[in-house]
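Here is the structure we will look at.
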Number of protein chains: 2
Amino acid sequence: MNGSSSNLSDSPVSARLAMRGLRLTPQRQHVYEVLVGVRDHPTAEEVFLRAKQGMPEISMATVYNCLDALVRCGLAKQVNVDRSASRFCPNMSDHDHFYCERCGGIYDIENGAGAVGRGIELPRGFEVTHVDVSLRGVCGSCNDAEKV
Amino acid sequence: MNGSSSNLSDSPVSARLAMRGLRLTPQRQHVYEVLVGVRDHPTAEEVFLRAKQGMPEISMATVYNCLDALVRCGLAKQVNVDRSASRFCPNMSDHDHFYCERCGGIYDIENGAGAVGRGIELPRGFEVTHVDVSLRGVCGSCNDAEKV
DNA sequence: CCTTACATTTAGAATTATTCCAAATGTTGA
DNA sequence: TCAACATTTGGAATAATTCTAAATGTAAGG
């Protein structure tokens with residue numbers, strides 16, 4: 001892979017970070033690679049454990065910092081299930097998430113929000129019991145308030 | 001029994017709870033009324049503060065217990081936004097939620113999951129920047145494992 | 001180069017939301 | 001009434017995340 005890229009600042013990851021005024025550091029690079037390496041929606045804790053394998057000195061605070069940076073600059077998504085730890089996902093395509101209430105697994109559902117409720121095909125054997133849709137943005141009052 | 005539901009066990013709330021083997025206690029009744037009283041998606045903490053006004057002895061643990069009971073028996077929904085405190089909603093119709101990133105407000109969007117992405121009308125002035133869809137249920141592997 | 005300014009990392013403390021616990025109380029049914 | 005069980009309570013414990021302050025790294029200007 002791009003382990004051969006000698007100069008961090010040449011990578012596209014660097015460019016994304018730069019758009020938000022963030023630098024590509026070895027830690028951020030490494031956390032990103034960990035995330036892309038195993039796409040199983042790990043928690044910050046799990047990312048931390050994996051990251052330590054290749055970078056033993058990395059700290060938990062840095063992992064949170066890195067994940068946050070990646071999410072903010074659009075290189076990763078943060079998936080929240082119930083009240084449990086956030087999970088992270090480097091798949092930036094427009095997709096949904098399926099949470100298995102039995103094994104706790106999270107699966108990407110490559111359909112995009114629009115497909116829900118229109119008989120989208122889930123992988124074989126998947127059964128949906130609940131659908132939660134949350135929209136984010138700015139509400140009417142806040143938009144009005146802004147126009148002062 | 002008289003017209004005004006003086007007897008707890010006569011209420012439909014009681015019936016819902018009973019379906020899950022739960023009793024309707026004065027605390028659960030009160031928490032439910034608090035929830036229905038102001039439909040602004042309060043956190044457990046906010047429910048606690050409101051509940052104390054009419055029932056000063058109620059404890060936080062009980063509020064969590066009651067909210068949990070209501071959610072489990074289908075009398076309330078739990079809304080999770082980011083990593084912040086869960087919020088609770090007694091509107092059981094099939095609806096989405098809109099989270100305003102500026103004021104933190106949560107709004108019910110009465111459309112149902114199917115409408116997302118099909119140009120549903122939001123209230124005037126609302127602007128959506130993200131849509132998160134999460135499906136819950138049982139995945140294929142777990143369904144297979146079950147058939148042993 | 002050297003300095004200054006600022007970004008990032010680090011370890012650990014602090015915070016927040018939630019869950020757990022054990023004792024007291026309430027309820028139901030034999 | 002008694003035994004069995006459910007619920008409530010206050011406080012302790014836990015889990016996830018954020019904060020803090022010091023050390024380190026980096027870029028730019030002189």
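A, B, ... follow the sequence lines: proteins, then strands. Residue 1 opens every chain.
- Note on A:T25: every side-chain N or O is 4.0 Å or more away from OP1 and OP2 of D:dG25.
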With the sugar-phosphate defined as primed atoms, P, OP1 and OP2, and the base as all remaining atoms, what B/S/- string results for nucleotides 11-23 of chain D, 5' to 3', for protein heavy atoms under 4.0 Å? -----SBBB----
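- Paired with A:S134 under the rule side-chain contact (heavy atoms from CB on, under 4.5 Å), one option of B:D132, B:N80, B:V81 passes, and it is B:D132.
- Note that CZ of B:R87 is 6.0 Å distant from CD of B:E46, once rounded to the nearest 0.5 Å.
- Here the closest heavy-atom approach between residue B:S93 and residue B:K77 is recorded as O-NZ, 2.9 Å.
- The CG atom of B:L67 sits 12 Å away from the P atom of D:dT8 (whole-angstrom rounding).
- Computed from coordinates, the A:R28 CZ to D:dG25 P distance equals 16 Å when rounded to whole Å.
- The structure places CG of A:L70 at 10.0 Å from CD of A:Q29, a figure rounded to the nearest 0.5 Å.
- Remark: B:N65 is in phosphate contact with D:dT8, judged by side-chain N or O atoms under 4.0 Å from OP1 or OP2.
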Evaluate side-chain contact (heavy atoms from CB on, under 4.5 Å) for A:L67 paired with A:L35, printing each intermediate quantity in order. CA-CA 9 Å; A:L67 290 170; A:L35 215 50; 4.1 Å; yes
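- Rounding to the nearest 0.5 angstrom, the gap separating the CE atom in B:M60 from the CD1 atom in B:I58 is 10.0 Å.
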Test log, rule side-chain hydrogen bond (donor to acceptor under 3.5 Å, both in side chains), inputs A:R28 and A:N65: CA-CA 8 Å; A:R28 285 176 182 161; A:N65 169 336; 3.1 Å; yes
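- For D:dG25, the OP1/OP2 oxygens have no side-chain nitrogen or oxygen of A:Q27 closer than 4.0 Å.
- Side chain to side chain, A:N91 and A:D108 meet the donor-acceptor criterion of an N or O pair below 3.5 Å.
- At D:dT8, none of the side-chain N or O atoms of B:S59 fall inside 4.0 Å of OP1 or OP2 (strictly under the cut-off).
- Using a 4.0 Å cutoff to heavy atoms of chain A, the contacted part of DNA chain C runs 5' to 3' from C:dA7 to C:dT19.
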